[in-house]
Amino acid sequence: MNRRALFFTATIIVAIAIALCYPTLFVEWWGFKLSGLITPLLQIIMFGMGTEMGLADFGGVIKMPKAVLIGLMGHFTFMPLMGFTLARIFHFPPEIAAGVVLIGSMPCGMASNVMSYLARANLALSVTLTAVATLLSPFLTPLLMKVLGGQFITVNAQAMIWDIIKMVIIPIAAGLLFNRYFKGRIKGLDAAMPLVSMAGIAIIIVVIVAAGRDSLIRIGPALVFCALLHNTSGYLFGYWMGRLCRLSERDSRTIAIEVGIQNGGLASGLAKAMGKTATLGLAPAIFGPLMNITGSVLAGYWHRRPPGDGEEKQDMPEEGHRHSDNMVKA
């Protein structure tokens with residue numbers, strides 16, 4: 001599994017390099033602008049995410065309220081504020097700076113569940129945090145962008161609410177219904193969805209990089225460094241907040257990964273909806289692959305160091321077993 005995640009990340013990096021060298025290949029085909037693929041691809045990815053979820057995933061709020069609250073607070077307070085602070089420090093152009101705030105205001109990325117599984121963390125908590133953060137995103141992400149991102153560009157919070165509902169909530173709801181009534185009944189679909197999602201993410205990133213190639217060449221190194229600072233600070237904040245609040249080692253690892261990894265696909269979709277793919281979308285395109293790299297490294301490090309609080313063999317809830325099985329198959 002770890003090798004596949006690294007292979008996917010390496011593929012993305014190669015694709016980005018090609019998009020930088022030959023941007024015209026990924027801008028328009030036969031009069032059709034490839035940026036038009038971003039929203040439908042994101043909806044397919046979110047549908048795939050929904051097919052791997054169940055209503056029981058939201059029940060973790062009741063079973064683990066303290067850990068869920070800590071994770072959500074870190075995710076929707078520290079990360080947006082860190083993004084805003086870094087955007088100010090690096091003096092990025094307004095639309096690119098707003099993109100850094102945008103990626104910091106996103107809910108948890110689906111990759112966080114994979115990383116939590118590899119890191120011997122609490123998978124059930126990871127799935128719950130991803131589900132709840134995604135459900136809250138139509139309300140919190142537009143608010144954060146209005147308050148923080150609005151310092152750089154004009155933000156229409158009401159339009160963003162509807163965009164998130166279209167791109168995330170409706171497809172995930174459809175995925176939940178599919179999971180409830182059709183899971184396992186359509187031959188090959190369960191195995192195909194992870195591959196379709198990975199291909200969709202790759203296409204979205206390449207299209208954004210090609211569209212914003214000139215800006216990326218000009219500020220690329222600074223944006224990469226900014227992404228590393230933002231990402232690693234999320235891991236550190238999440239882990240040590242968990243430990244300070246006396247969460248277990250497994251739960252603290254989970255909080256670290258959930259806070260540190262954002263949904264770059266959704267950020268890219270919102271950038272497209274705002275008509276700023278080439279500028280607002282650059283930060284998500286850069287942050288996304290880097291989060292996969294750092295997440296894989298951190299998960300590999302923790303995988304070789306079993307939790308020391310005696311909980312590693314703790315029974316995992318049924319939903320956690322189901323998700324862990326899906327991770328292995330992926």
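Fair warning: this is a prediction, and the values are worked out from it, not measured in the lab.
With sequence neighbours excluded, the residues satisfying ring pair (Phe, Tyr, Trp, His ring centres under 6.0 Å) with Phe92 are Phe90. Phe26 is linked by a ring pair (Phe, Tyr, Trp, His ring centres under 6.0 Å) to nothing, counting only residues two or more places apart in sequence or in another chain. Residues forming a side-chain hydrogen bond (donor to acceptor under 3.5 Å, both in side chains) with Thr294 (at least two apart in sequence, or on another chain): Asn231, Tyr235. Listed by chain and residue number, Glu95 satisfy the salt bridge (charged side-chain N to carboxylate O under 4.0 Å, His left out) test with Lys276 (two or more places apart in sequence, or in another chain). Not counting sequence neighbours, the partners of Met274 by the side chain to side chain contact (heavy atoms under 4.5 Å, CB included) test are Ile153, Met160, Leu280.
Taken together through direct or relayed side-chain contacts under 4.5 Å among Ile, Leu, Val, Met, Phe, Trp and Tyr, Phe139 and Ile172 form parts of separate hydrophobic clusters. No single ILVMFWY cluster, assembled from side-chain heavy atoms under 4.5 Å apart, contains both Val27 and Trp30. The cluster map of Ile, Leu, Val, Met, Phe, Trp and Tyr, joined by side-chain heavy atoms under 4.5 Å apart, puts Val207 and Phe32 in the same cluster.
Here the side chain of Arg304 pairs a donor or acceptor atom with the backbone of Gly300 at under 3.5 angstrom. Formation of a donor-acceptor pair under 3.5 Å by the Thr141 side chain with backbone atoms of Pro138 is not found in this model. A donor-acceptor pair is defined here as one N or O able to donate and one able to accept, closer than 3.5 Å; no such pair exists between the side chain of Ser116 and the backbone of Thr254.
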Handout entry: Derivation and outcome, side chain to side chain contact (heavy atoms under 4.5 Å, CB included), residues Leu102 and Met106
Key = CA-CA 7 Å; Leu102 178 64; Met106 289 297 103; 3.5 Å; yes
| said: Apply side chain to side chain contact (heavy atoms under 4.5 Å, CB included) to residues Met167 and Lys272 and explain how you reach the verdict. | reply: CA-CA 11 Å; Met167 295 178 195; Lys272 165 63 172 61; over 6 Å; no
**Report entry** Check against side chain to side chain contact (heavy atoms under 4.5 Å, CB included), Trp302 and Met115
**Finding:** CA-CA 10 Å; Trp302 272 333; Met115 302 307 175; over 6 Å; no
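In this structure, Arg180 places its CZ atom where only 12 or fewer heavy-atom neighbours from other residues, nucleotides or ligands lie under 6.0 Å away. Other residues, nucleotides and ligands contribute at most 12 non-hydrogen atoms within 6.0 Å of the OH atom of Tyr301.
One distance of note links CE of Met79 with CG of Leu144; it measures 12.0 Å at 0.5 Å rounding. Between the CG atom of Leu244 and the CZ atom of Phe237 there is a distance of 9.5 Å, given to the nearest 0.5 Å. The distance from atom CG of Leu298 to atom CD1 of Ile293, rounded to the nearest 0.5 Å, is 13.5 Å. With rounding to the nearest 0.5 angstrom, the CG atom of Asp251 is 9.5 Å from the NZ atom of Lys66. Rounding to the nearest 0.5 Å places CD1 of Ile103 at 12.0 Å from CG of Leu282. Here CE of Met46 is found 14.0 Å from CD1 of Ile170. Values are rounded to the nearest 0.5 Å.
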Side-chain donor-acceptor pairs under 3.5 Å in residues 255-269, sequence neighbours left out?
residue, atom, partner, partner atom, Å
Glu258, OE1, Ser112, OG, 3.4
Glu258, OE1, Thr130, OG1, 3.2
Glu258, OE2, Ser112, OG, 2.8
Glu258, OE2, Ser126, OG, 2.5
Gln262, NE2, Val259, O, 2.7
Asn263, OD1, Gly265, N, 3.3
Asn263, OD1, Leu266, N, 3.0
Ser268, OG, Gly264, O, 3.0

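Checking Leu69, Leu72, Val127 one by one against Val132, the side chain to side chain contact (heavy atoms under 4.5 Å, CB included) holds for a single residue, Leu72.
Residues Ile169 and Leu135 approach most closely at CD1-CA, 4.3 Å, considering heavy atoms. For the pair Ile96 and Thr279, the tightest heavy-atom approach, listed with the atom from each and the gap, is CG1-O, 3.7 Å. Closest approach of Ala87 and Phe152 over heavy atoms only: CB-CZ, 3.9 Å. Between Ala121 and Arg253, the shortest heavy-atom contact is CB-CB, 3.8 Å. Scanning both residues, Val101 and Gly149, for their nearest heavy atoms gives CG1-N, 3.7 Å. For the residue pair His75 and Cys108, the shortest heavy atom distance occurs at NE2-N, 3.2 Å.
Considering only heavy atoms from C-beta on, Met241 stays 4.5 Å or farther from Met73 through its side chain.
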